[in-house]
Amino acid sequence: MKAIRRALLRWYRANARDFPWRRSRDPYAIWVSETMLQQTRSATVVPYYERFLKNFPTARVLACASPDEVMRHFAGLGYYSRARNLHAAAQTVVREHGGALPDEVKELRKLPGVGPYTAAALASIAFDQPVASVDGNVMRVLTRLLDLRDDIRLPATRRKLEAAAAELVRGAQPGALNQALMELGATLCSRRRPACTRCPLHRHCKALSRGVQATLPVRSPAPRKKRLRAAAALLLRGGRLLMVRRPPRGLLGGLWELPGGELDAREQAAAGLLRTLREGVGIAAAAPEPLGSVRHIFTHRVLRLYLFRVTPQPGRVRRHGFDAHRWCSLTAARALPLSSLARRALDHATASQS
DNA sequence: TATGCGTGGGC
DNA sequence: TGCCCAAGCAT
């Protein structure tokens with residue numbers, strides 16, 4: 001165990017990649033990075049992280065910002081409940097902890113958006129607490145090191161690995177040990193073609209000694225994605241287009257998009273669009289002009305979004321199921337917090353119609 | 001315990 | 001095209 005610890009730390013000191021969050025000791029900055037890194041590649045996070053910290057340098061500044069402004073800096077990153085939770089948690093930190101992040105796992109876990117992994121990562125990296133943070137990378141490294149063939153989708157497997165990791169990070173430099181395990185999993189101990197010859201743990205790896213490293217970790221297959229269809233409108237009035245904001249919870253919560261909605265089974269796209277406009281924004285229209293479609297893949301769904309240009313009949317917007325609406329210039333619409341899907345839809349619709 | 005929640009990249 | 005994956009969390 002001691003040899004493993006020493007090998008990991010030495011390897012990490014020599015091989016840690018240079019990320020902006022690794023240059024900071026500020027618990028708030030580390031918190032922001034850990035939140036953005038949840039289920040997200042580090043290369044994707046870098047520009048978001050830098051922009052976010054420039055605009056919201058402290059928990060106090062973040063706590064005072066508007067929800068739209070916070071969401072604007074998460075737009076395109078995905079899993080948007082992270083932004084809402086981070087914002088709410090910053091307000092809690094200001095209100096209950098004087099603006100400074102608590103240093104204990106138990107207190108950190110009470111913050112919305114801070115789960116077992118993030119709490120342990122913060123406590124160890126920012127506050128030197130000897131707790132193990134087990135993410136997907138660590139699970140891959142440890143299942144191989146131990147030749148553990150249990151399904152890593154199961155919580156029971158996760159508990160076993162957390163116990164193993166807890167043994168490892170006992171003692172000095174828990175933050176560096178946790179990061180070393182993650183870094184190893186993110187680089188050498190990759191899912192396919194692990195670079196075992198360069199691995200600091202190759203002498204200790206049970207899976208390697210048995211030649212089964214490429215078969216680990218074992219993970220039961222995910223259920224098949226559901227297909228769904230939706231329609232959205234470039235709804236123009238006096239040179240401005242209508243944008244709507246989705247309610248805070250659920251899919252793409254808090255983000256803006258073109259008005260429209262999901263189609264029923266076998267419903268024609270144009271007819272369905274007119275129905276969703278009637279139901280969602282209380283606007284009547286006729287003869288939608290087709291502008292093509294875009295395909296978008298979510299974690300658990302495959303969406304086909306049909307786009308139309310629509311000339312509305314006179315009448316006020318009466319929202320139902322949306323949070324807010326706004327008549328915008330194209331420039332203003334593009335500056336709203338948009339999901340990647342909404343941005344692509346807007347781009348596609350405006351390019352097709354001109 | 002199972003499911004919902006984004007996005008972009010790799011093969 | 002389809003499937004898997006990447007520093008998970010909430011309900």
Side-chain angles (χ1 to χ4, degrees), chain A residues 16-17 19-22 30-49 71 74-86 88-89 108-122 124-126 132-141 151-159 161-162 165 175 178-187 189-193 217-228 246-255 257 294-304 337-344:
Chain A
R17 291 169 294 173
F19 291 120
W21 47 88
R22 287 189 172 155
I30 297 172
W31 178 30
V32 171
S33 75
E34 289 298 343
T35 302
M36 290 186 168
L37 286 162
Q38 288 166 10
Q39 297 287 284
T40 309
R41 286 187 156 74
S42 37
T44 306
V45 167
V46 170
Y48 282 88
Y49 170 84
M71 195 57 84
F74 257 78
L77 201 55
Y79 286 137
Y80 299 107
S81 65
R82 292 184 294 178
R84 195 177 64 250
N85 286 334
L86 186 63
L108 289 165
R109 281 286 278 115
K110 292 181 185 168
L111 299 171
V114 178
Y117 162 77
T118 305
L122 285 174
S124 64
I125 298 169
S133 56
V134 176
D135 70 340
N137 288 312
V138 177
M139 288 203 281
R140 184 165 53 255
V141 172
D151 180 359
I152 61 167
R153 266 190 213 283
L154 300 176
T157 307
R158 187 196 180 80
R159 284 195 290 276
L161 294 172
E162 276 168 349
N178 280 325
Q179 293 186 83
L181 282 170
M182 290 190 269
E183 188 76 356
L184 190 57
T187 57
C189 197
S190 55
R191 189 170 65 91
R192 39 183 116 234
R193 298 171 172 279
V218 174
R219 179 199 289 266
S220 56
R224 204 164 125 56
K225 291 182 187 341
K226 283 182 187 141
R227 290 174 146 61
L228 64 94
R246 299 173 67 93
R249 295 182 175 279
L251 185 70
L252 305 178
L255 290 157
E257 64 187 18
V294 297
R295 189 175 113 103
H296 192 78
I297 300 175
F298 296 107
T299 303
H300 52 299
R301 298 172 197 203
V302 181
L303 171 71
R304 174 66 66 178
L338 303 180
S339 65
S340 289
L341 167 62
R343 187 166 296 283
R344 282 211 297 135

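As the structure is a prediction and not an experimental result, all values here were calculated from the model. First the proteins, then the strands, lettered A, B, ... as listed; each starts at 1. The figures here come from the full heavy-atom set of this structure, side chains too, leaving out hydrogens, waters and symmetry mates.
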* Does A:Thr118 offer a backbone N or O that forms a donor-acceptor pair with the side chain of A:Arg109 under 3.5 Å? -> no

* To do: For A:Arg82 and A:Tyr79, indicate whether the former's side chain and the latter's backbone hold a donor-acceptor pair under 3.5 Å.
  => yes

Nearest-angstrom distance from the residue atom [atom1] of [X] to [atom2] of [N]:
| X | N | atom1 | atom2 | result |
| --- | --- | --- | --- | --- |
| A:Met71 | B:dC5 | CE | C1' | 12 Å |
| A:Asp135 | C:dC9 | CG | C1' | 14 Å |
| A:Arg158 | B:dA2 | CZ | P | 15 Å |
| A:Leu108 | C:dG8 | CG | C1' | 16 Å |
| A:Glu34 | C:dA6 | CD | P | 16 Å |
| A:Arg84 | C:dG8 | CZ | P | 19 Å |
| A:Arg224 | B:dG4 | CZ | C1' | 18 Å |
| A:Leu37 | C:dC9 | CG | C1' | 15 Å |

* **Between B:dG6 and C:dT11 - P atom distance, rounded Å** => 14 Å

* Distance, P atom - from B:dC5 to C:dA6, rounded to whole angstrom -> 22 Å

Counting any heavy atom closer than 4.0 Å, what does [X] reach on the DNA or RNA strands: base, sugar-phosphate only, or nothing?
| X | result |
| --- | --- |
| A:Pro112 | sugar-phosphate |
| A:Ser133 | nothing |
| A:Arg246 | nothing |
| A:Val114 | sugar-phosphate |
| A:Arg140 | sugar-phosphate |

* Structure fact -> DNA chain B nearest-nucleotide lookup for A:Arg159 and A:Lys226: closer to the 5′ end is A:Arg159

* Could you tell me how the ring of A:Trp21 sits relative to the ring of A:Phe19: parallel (under 30°), tilted (30 to 60°) or perpendicular (over 60°)? => parallel

* Side-chain N,O (A:Arg249) to OP1/OP2 (B:dC5) below 4.0 Å -> no

* Any A:Arg301 side-chain nitrogen or oxygen under 4.0 Å from OP1 or OP2 of B:dC5 -> yes

* Structure fact -> Rounding to 0.5 Å, atoms NZ (A:Lys226) and CG (A:Leu303) come to a distance of 14.5 Å

* Ring centroid separation A:Phe298 to A:His296 under 6.0 Å -> yes

* Nucleotide by nucleotide, 5' to 3', does protein get under 4.0 Å of the base (B), only the sugar-phosphate (S), or neither (-) in nucleotides 6-11 of chain B, counting heavy atoms? -> BBB---

* Asked: With nearest nucleotides of DNA chain C determined for A:Val138 and A:Leu111 from heavy-atom distances, which residue corresponds to the more 5′ nucleotide?
  -> A:Val138

* **A:Glu183: side chain to side chain contact (heavy atoms under 4.5 Å, CB included) partners, not counting sequence neighbours** => A:Trp11, A:Tyr12, A:Arg17, A:Arg22, A:Thr187

* Going by heavy atoms in the side chains, are A:Arg158 and A:Met139 under 4.5 Å from each other? -> yes

* To do: Flag the pair A:Leu228 / A:Val302 as yes when at least one side-chain heavy-atom distance between them is below 4.5 Å, and no otherwise.
  => no

